[in-house]
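Numbering of residues begins at 1 and proceeds along the displayed sequence. Below, each value reflects all heavy atoms present in this structure, side chains not excepted, and no hydrogens, waters or symmetry copies. Predicted, not measured: the structure shown is a model, and the values here were computed from it.
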Amino acid sequence: MSVRKTVIAVTAVLACAGCSAVKPTAVTQPPIPTIVAPTTITRVPQMVDRPVPDDCELVVPVEALHQRLGRELPGELKTIIGIPEPSLARTAKIDCYYGVPKGQDLGAAPVVIGLANYGDEASAAARVDESVAAERQDGATVSEVDVGKKKGKLVSAKDERLVMGHLGKTTYVARAKVGVLPDDLVGIFLSSIAEQSMIPVEGT
């Protein structure tokens with residue numbers, strides 16, 4: 001073998017030895033996120049057969065009512081605490097008048113919410129039925145609406161719209177004068193505040 005061929009062979013062997021010494025580049029895997037189960041459970045407030053409070057801010061806070069209405073009502077919040085009525089089996093009552101214009105009487109309130117407790121569920125249901133029947137007799141139309149997961153009555157009278165119903169021994173009614181909201185929205189608003197009135201304010 002010639003010297004030239006010997007040099008070429010040795011060079012090729014050294015080249016291959018160098019190749020075997022090259023280490024492959026490690027592929028970095030993306031970190032796998034750790035999923036931690038939540039330790040707290042968020043509870044959605046529910047309507048309950050609640051005791052009638054003695055403060056309208058504990059029925060529907062003014063701020064919450066304004067949020068649902070989409071604007072602030074000028075005027076004041078007025079509260080009337082009813083007395084027990086044994087003949088109706090009513091044990092407690094509160095009426096909340098929102099947005100009463102300064103210097104005007106309660107009848108000028110654009111929105112009114114009322115709650116009442118009765119001695120038993122049958123008396124509460126009877127009171128709602130009597131109120132709905134009286135509105136029908138005066139020419140109002142009545143339809144069924146959702147109030148939370150329950151059903152209530154939407155009453156369309158000449159001068160106002162009402163949503164009323166009961167849960168257990170407690171009745172509720174939410175009223176709005178015609179024009180407070182368009183008719184296609186007022187039922188949604190009244191159902192919303194009726195539902196809120198049956199959810200005790202946190203801490204009470």
Side-chain angles (χ1 to χ4, degrees), residues 45 47-85 88 90-118 124 127-128 130-136 138-142 145 147-148 150 152-167 169-183 185-204:
M47 295 171 61
V48 297
D49 182 2
R50 66 177 298 192
V52 168
D54 59 3
D55 185 342
C56 285
E57 280 289 325
L58 303 178
V59 176
V60 175
V62 171
E63 184 179 352
L65 184 135
H66 288 166
Q67 287 176 347
R68 286 163 171 75
L69 182 61
R71 69 177 191 277
E72 292 189 6
L73 290 174
E76 301 175 279
L77 170 61
K78 300 286 189 179
T79 304
I80 298 294
I81 304 295
I83 60 174
E85 284 284 353
L88 301 175
R90 191 178 73 203
T91 58
K93 189 175 190 294
I94 187 171
D95 289 309
C96 305
Y97 298 81
Y98 295 82
V100 179
K102 188 175 182 179
Q104 297 190 37
D105 61 21
L106 298 177
V111 177
V112 181
I113 303 172
L115 294 178
N117 290 147
Y118 289 82
R127 187 58 183 162
V128 172
E130 290 166 4
S131 298
V132 170
E135 294 288 350
R136 275 201 176 104
D138 285 342
T141 59
V142 180
V145 292
V147 179
K150 307 296 182 180
K153 299 295 185 182
L154 172 61
V155 179
S156 298
K158 180 182 177 182
D159 299 320
E160 65 179 354
R161 304 291 181 259
L162 308 84
V163 167
M164 62 177 71
H166 78 96
L167 178 58
K169 298 183 290 185
T170 305
T171 64
Y172 60 82
V173 59
R175 304 169 178 262
K177 288 189 177 299
V178 169
V180 168
L181 281 173
D183 256 5
L185 297 177
V186 71
I188 299 170
F189 165 67
L190 290 174
S191 294
S192 173
I193 60 173
E195 178 186 7
Q196 178 66 52
S197 73
M198 295 294 290
I199 300 172
V201 175
E202 187 175 349
T204 65

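What you find for Leu106 and Val100 is that their closest heavy atoms are CD2-CG2, 4.4 Å. Contact detail for Leu115 and Tyr172: the closest heavy-atom pair is CD2-CB, 3.6 Å. Between Met164 and Val128, the closest heavy-atom pair is SD-O, 4.2 Å. Across Ala140 and Val155, no two heavy atoms sit closer than the pair CB-CG1, 3.7 Å. Shortest non-hydrogen contact noted between Leu154 and Gly187 is CD1-CA, 4.2 Å. Taking every heavy atom of both residues into account, Pro53 and Ile94 meet most closely at O-CD1, 3.5 Å.
Between Glu57 and Val201 the shortest side-chain heavy-atom distance does not fall below 4.5 Å. Leu69 places none of its side-chain heavy atoms less than 4.5 Å from the side chain of Ile193. Residues Phe189 and Val163 fail the side-chain proximity criterion, which asks for heavy atoms closer than 4.5 Å. In this structure the side chain of Lys169 never reaches within 4.5 angstrom of the side chain of Thr91, judged on heavy atoms. Under the 4.5 Å side-chain criterion, counting only non-hydrogen atoms from C-beta, Leu65 is not in contact with Leu77.
Counting only distance, with no hydrogens or angles, the side chain of Tyr98 and the backbone of Val60 share a donor-acceptor pair below 3.5 Å. For Asn117 (side chain) and Val52 (main-chain N/O), a donor-acceptor pair under 3.5 Å exists by modelled atom type. A donor-acceptor pair under 3.5 Å is absent between the side-chain atoms of Ser192 and the main chain of Ile188, judged by distance alone.
Residues satisfying the salt bridge (Lys or Arg N to Asp or Glu O under 4.0 Å) test with Asp159, not counting sequence neighbours, are none. Partners of Glu135 according to the salt bridge (Lys or Arg N to Asp or Glu O under 4.0 Å) rule, which considers only residues two or more places apart in sequence or in another chain, do not exist here. Lys153 is linked by a salt bridge (Lys or Arg N to Asp or Glu O under 4.0 Å) to nothing, counting only residues two or more places apart in sequence or in another chain. Qualifying salt bridge (Lys or Arg N to Asp or Glu O under 4.0 Å) partners for Arg90, counting only residues two or more places apart in sequence or in other chains: none.
With rounding to the nearest 0.5 Å, the separation of NZ in Lys177 from CZ in Arg161 is 12.0 Å. The distance from the CD1 atom of Ile81 to the SG atom of Cys96 is 7.5 Å, given to the nearest 0.5 Å. In this structure, CG in Asp183 is found 6.0 Å from OG in Ser156, a value given to the nearest 0.5 Å.
Residue pairs meeting the salt bridge (charged side-chain N to carboxylate O under 4.0 Å, His left out) criterion with at least one partner in residues 62-76, sequence neighbours excluded, are Glu76-Lys78. For residues 92-118, the set of pairs meeting the salt bridge (charged side-chain N to carboxylate O under 4.0 Å, His left out) definition, not counting sequence neighbours, comprises Lys93-Asp95.
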Checklist entry - Between Asp49 and Thr170, is a side-chain hydrogen bond (donor to acceptor under 3.5 Å, both in side chains) present by the stated rule, with each step listed? => result CA-CA 6 Å; Asp49 182 2; Thr170 305; 2.5 Å; yes
Checklist entry - Between Val147 and Glu195, is a side chain to side chain contact (heavy atoms under 4.5 Å, CB included) present by the stated rule, with each step listed? => result CA-CA 5 Å; Val147 179; Glu195 178 186 7; 4.0 Å; yes
